[in-house]
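Worth saying up front: this structure is predicted, and the values here are computed from it rather than measured. Basis for what follows: all heavy atoms, side chains included, without hydrogens, waters or symmetry-related copies.
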Amino acid sequence: MGPKPKKISSKKKITKAERLRLLQEEEERRLKEEEEARQKFEKEEQERLETQRIEKEKWRQLEKKDLERRSEELEELSLLECCFPEAERLKRETRALAQWKHYLQCDGSPDPSIAQEMNTFISLWEEETNETFEQVIEKSKLVLSLIEKLKLILLETPSCDLESRTIAQHQGSILRLQELLSQKVDVATELLLREASTLADLDSGNMEKIIQDENVTLYVWANLKKNPRYRSVKFSETQIGFEIPRILATSDVALRLLHTRYDHVTPLYPNTITKEDHVPTAVKHFKEEEHTEKAVTEDKVFAEENTTNQAAESQSRQETELSFVQEEEPNTEALENIDVRKAYYQEEENSKGPRHELEMRLLSEVVSAAQLRLVENSVDFPHTNEEKEVDLCHFSTLGGVYHLDILELPPQCKPVKGWVLVEIRQEGLQRFTYPPETTEEPDPENAFPPIEVTLEVRENVIFFEDPKVIRWDAEGKIWKTDGISEVFYSREDRLISFCLDTLGPVTLIQDAHINMPYRSWELRPLGVNRVLMTVTSLFTELQIHIKENLCMLASVKLRSQDHLSHLEGKWMTPIPFILAMKEAGLNVFPSVYSHFYVVVNNKVPLVEMKAYRQMALLSSAFAFSWSKWNMVCNSTRVVFRLWGG
């Protein structure tokens with residue numbers, strides 16, 4: 001056999017030069033790929049930067065346009081917001097014309113804003129004696145009107161326009177009128193009780209009298225027979241009455257129930273007076289400028305008087321000189337006076353423009369400060385000082401005051417031979433103390449039981465829950481809840497009965513925030529300067545028409561049923577409208593203390609005030625409504641819904 005052939009290797013060996021070449025090619029390819037990647041990245045980065053630049057340029061253009069638009073809108077807004085100081089200026093003019101309008105009425109009534117007239121009216125009425133109850137009731141209409149006007153002056157006039165002396169005068173006039181009216185009622189009651197024997201009922205032998213008016217209702221019962229079995233006192237044709245104990249049934253006493261639709265028992269709360277450091281800067285500037293102008297005017301007048309006096313003295317000294325010299329001096333003086341007056345009036349005309357601008361700026365700051373105070377919340381919680389004291393920031397009195405009194409029966413008139421003899425006591429009408437302060441014997445059990453009283457609740461007042469009864473503590477000058485038991489309220493008959501340890505003024509109260517917070521609210525335009533506001537709470541739905549500076553209750557729904565209110569269809573200015581709604585039990589107006597009793601998301605007052613201002617400006621064209629997100633967002637944001645009306 002021949003030798004086997006050698007196998008040729010399929011794998012060719014790579015030389016060192018080829019290896020270096022391959023490595024070099026690989027490195028060049030890697031560098032090329034990296035360069036391509038870098039160029040691609042730079043291109044993409046340039047495109048991204050260019051895109052960002054274009055976007056930024058677009059945003060810049062949009063912001064520029066938006067700023068231009070906002071500047072135009074701010075100019076329009078400033079023009080629109082001129083209505084606020086203009087409205088305040090009109091209000092001031094109206095208040096300034098009030099005295100003149102009162103003078104033109106010429107009805108003999110005093111002007112409540114003038115302290116001298118009020119003092120004269122009160123002094124003259126104090127001098128009138130022996131007025132019957134009918135005469136007192138007739139006079140009380142004017143007195144109540146004056147009290148209401150004084151209260152409206154204190155409430156409607158901005159605090160910066162009221163001096164502390166003026167506030168004290170008006171509050172003093174209110175208190176004097178209230179006290180004098182109460183005294184007149186007591187004197188008239190005493191005159192009525194002196195004739196109790198002549199007015200006695202034939203069946204019972206006791207006197208019963210009811211005198212009714214739009215503001216006052218008087219119920220009087222005189223115990224003439226002193227029958228110990230006659231303990232149930234019910235006034236004819238009513239369910240109102242008393243259940244009296246034996247000691248009163250056998251005593252010379254009279255029971256008086258005086259139901260006043262007004263409340264002259266609760267003390268007047270002092271008006272908040274703006275401190276000097278809280279006065280707007282424009283007000284200070286305006287007052288300083290006014291003071292400076294007044295001083296300049298006085299200096300000019302003083303200089304003119306000096307010039308006149310000197311000329312007169314010079315003329316008297318030169319009476320012996322030639323007559324033409326005596327004639328020229330007065331003419332020269334008159335010309336000088338005319339020149340001075342012309343210069344003064346010219347300065348006044350030139351200063352009208354800046355002064356008007358200053359006045360409008362002043363009014364704008366005053367209006368803003370007043371609006372801000374309306375939405376500000378009190379920081380201090382209203383604490384009560386005594387146990388069982390009623391917190392009047394939490395509760396509100398409704399239905400007036402029921403004055404319950406046990407009176408000592410005065411000596412009766414005695415006809416003698418065509419004459420009527422009357423014993424007049426200097427101490428006047430006296431209260432009968434029950435229960436007695438001291439007794440000779442130890443008190444047996446239930447010797448002086450509580451007196452049961454049944455009262456009728458006014459139809460014009462709405463109670464969403466059963467009313468609570470409170471009594472007036474004359475010593476502490478506060479309303480309290482003690483001394484009252486066995487309270488029962490009949491909603492159908494509108495009668496409330498309870499037992500009192502001792503008689504005195506009582507009233508009914510309701511939670512002032514029972515309709516807060518709102519379930520919803522809505523503001524719809526009805527035309528130029530006319531809107532319809534709807535407020536829905538847990539118990540009621542109210543619709544209020546607002547027209548310029550007037551408000552009217554349009555409808556009331558209680559538990560989804562229509563309810564006829566005596567306020568429907570009556571146009572009133574805002575503050576009287578709010579007071580009337582509160583007196584009717586329809587309180588949907590928060591106070592500075594409401595945030596202590598209602599769980600709400602309190603907003604920054606300035607933000608809230610500005611939101612209200614914008615809503616007021618746009619309410620004739622757009623509709624507004626509540627939003628659930630307003631409770632969720634923070635205190636620096638106000639959220640509500642808006643759509644074209």
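A centroid separation of less than 6.0 Å is found between the aromatic rings of His264 and Tyr262.
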- Task: Might you work through the side-chain hydrogen bond (donor to acceptor under 3.5 Å, both in side chains) test for Asn460 and Arg261, ending with a clear yes or no?
- Result: CA-CA 10 Å; Asn460 294 337; Arg261 310 298 188 270; over 6 Å; no
- Message: Set out, in order, the CA-CA distance, both residues' side-chain angles and the distance that settles side-chain contact (heavy atoms from CB on, under 4.5 Å) for Leu409 and Phe432, then state yes or no.
- Response: CA-CA 9 Å; Leu409 199 61; Phe432 183 87; over 6 Å; no
- Could you walk me through whether Phe133 and Leu218 pass the side-chain contact (heavy atoms from CB on, under 4.5 Å) check? CA-CA 9 Å; Phe133 203 88; Leu218 175 70; 3.6 Å; yes
- Message: Using the rule given for side-chain hydrogen bond (donor to acceptor under 3.5 Å, both in side chains), can you reason through Thr266 versus Trp479, listing the C-alpha separation, both sets of side-chain angles and the distance that settles it, and then say yes or no?
- Response: CA-CA 8 Å; Thr266 305; Trp479 290 103; 2.9 Å; yes
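Note on Glu386 versus Lys480: salt bridge recorded, some NZ/NE/NH1/NH2 to OD/OE distance being below 4.0 Å. With respect to Glu128 and Lys139, a salt bridge is recorded, a charged nitrogen being found less than 4.0 Å from a carboxylate O. Looking at Arg494 and Glu459, no side-chain N of the basic residue comes within less than 4.0 Å of a carboxylate O on the acidic one, giving no salt bridge. The pair Asp201-Lys209 fails the salt-bridge criterion, with no side-chain N (NZ, NE, NH1 or NH2) lying under 4.0 Å from an Asp/Glu carboxylate O.
No donor-acceptor pair closer than 3.5 Å links the side chain of Asn587 to the backbone N or O of Asn515. Side chain of Lys184 to main chain of Thr129: no donor-acceptor pair is present (N/O by atom type, distance under 3.5 Å, no hydrogens or angles). Of the possible donor and acceptor atoms, one in the side chain of His259 sits under 3.5 Å from a partner among the backbone N and O of Gly399. Looking only at distances, no side-chain donor or acceptor of Gln510 sits under 3.5 Å from a matching main-chain atom of Thr397. Side-chain atoms of Gln412 come within 3.5 Å of backbone atoms of Ala196 as a donor-acceptor pair (strictly under, hydrogens ignored). A donor-acceptor pair under 3.5 Å links the side-chain atoms of Asn223 to the main chain of Leu248, judged by distance alone. Here the side chain of Glu423 pairs no donor or acceptor atom with the backbone of Leu421 at under 3.5 angstrom. A donor-acceptor contact shorter than 3.5 Å links the side chain of Thr157 to the backbone of Ile153. Side-chain atoms of Ser123 do not come within 3.5 Å of backbone N or O of Thr120 as any donor-acceptor pair. Checking side-chain atoms of Tyr489 against main-chain N and O of Glu465 turns up no donor-acceptor pair under 3.5 Å.
Smallest separation of non-hydrogen atoms from Asp380 and Tyr593: O-CE2, 3.6 Å. When all heavy atoms are compared, the tightest approach of Leu567 to Ala584 is CD1-CB, 4.0 Å. Scanning both residues, Leu154 and Gln171, for their nearest heavy atoms gives CD1-CG, 3.8 Å. Met118 and Pro112 make their closest contact through SD-CA, 3.6 Å (heavy atoms, listed as atom of the first residue, atom of the second, distance). In terms of heavy atoms, Pro267 sits closest to Lys477 at CG-O, 4.0 Å. Nearest heavy-atom pair across Glu195 and Cys413 is CG-SG, 4.2 Å.
Dense packing is recorded around CD of Glu452, with more than 12 heavy atoms of other residues, nucleotides or ligands lying under 6.0 Å away. Other residues, nucleotides and ligands place more than 12 heavy atoms under 6.0 Å from the CZ atom of Arg491. Summarising the local packing, CD of Gln105 is surrounded by more than 12 heavy atoms from other residues, nucleotides or ligands at distances under 6.0 Å. Applying the 6.0 Å contact sphere to CD of Glu156 captures more than 12 heavy atoms from other residues, nucleotides or ligands. The number of heavy-atom neighbours closer than 6.0 Å to NZ of Lys226, taken from other residues, nucleotides and ligands shown, is above 12. Shown here is Glu475, whose CD atom has no more than 12 heavy atoms of other residues, nucleotides or ligands within 6.0 Å. When the shell of 6.0 Å around NZ of Lys234 is examined, it contains more than 12 heavy atoms from other residues, nucleotides or ligands.
Glu138 meets the side-chain contact (heavy atoms from CB on, under 4.5 Å) test with Lys141; sequence neighbours excluded. Tyr597 pairs by the side-chain hydrogen bond (donor to acceptor under 3.5 Å, both in side chains) definition with Asp391, not counting sequence neighbours. By the salt bridge (charged side-chain N to carboxylate O under 4.0 Å, His left out) test, Arg229 is found to be paired with no residue, residues two or more places apart in sequence or in another chain being considered. The salt bridge (charged side-chain N to carboxylate O under 4.0 Å, His left out) check on Asp111 picks up nothing, with sequence neighbours excluded. Under the side-chain hydrogen bond (donor to acceptor under 3.5 Å, both in side chains) criterion, Lys582 pairs with no residue, sequence neighbours left out.
At a cut-off of 3.5 Å, with distance as the only test, no side-chain donor of Thr454 or Gln239 sits close to an acceptor on the other residue. Of the N and O atoms on the side chains of Glu208 and Ser236, at least one donor lies less than 3.5 Å from an acceptor on the other residue. No side-chain donor from either of Thr189 and Asp186 sits under 3.5 Å from a side-chain acceptor of the other. Residues Thr540 and Ser537 have side chains that never bring a donor and an acceptor to within less than 3.5 angstrom of each other. Side chain to side chain, Ser109 and His102 meet the donor-acceptor criterion of an N or O pair below 3.5 Å. Between the side chains of Thr502 and Arg471, no donor-acceptor pair is found at a separation under 3.5 Å.
Within the 4.5 Å cutoff, no side-chain heavy atoms of Val253 are placed close to those of Leu407. Proximity of Ile174 to Lys151: side-chain heavy atoms (C-beta onward) are separated by under 4.5 Å at one or more points. The shortest side-chain heavy-atom distance between Leu553 and His545 does not fall under the 4.5 Å cut-off. At least one side-chain heavy atom of Ile451 sits less than 4.5 Å from a side-chain heavy atom of Tyr434. With contacts defined as side-chain heavy-atom distances shorter than 4.5 Å, the pair Ile211/Thr217 does not qualify. No side-chain heavy atom of Trp221 sits under 4.5 Å from any side-chain heavy atom of Leu257. Side-chain contact between Thr250 and Asn227 is absent, with no heavy-atom pair separated by less than 4.5 Å.
Using the six-membered ring where Trp is involved, Tyr103 and Trp100 have ring planes that are parallel, under 30° apart on the 30 and 60° scheme. Using a 30° and 60° split on the angle between ring planes, Tyr219 and Phe235 fall in the tilted class, from 30° to 60°.
Put simply, CG on Leu175 and CG on Leu268 are 5.0 Å apart, with the number rounded to the nearest 0.5 Å. Rounding to the nearest 0.5 Å gives a distance of 11.0 Å between CH2 of Trp472 and NE2 of His403. Expressed to the nearest 0.5 Å, how far CG of Leu150 lies from OG of Ser113 amounts to 8.5 Å. In this structure, CG on Leu429 lies 6.5 Å from CG on Leu193, to the nearest 0.5 angstrom.
The salt bridge (charged side-chain N to carboxylate O under 4.0 Å, His left out) pairs that include a residue from residues 560-577 number zero, where partners must be two or more places apart or lie in different chains.
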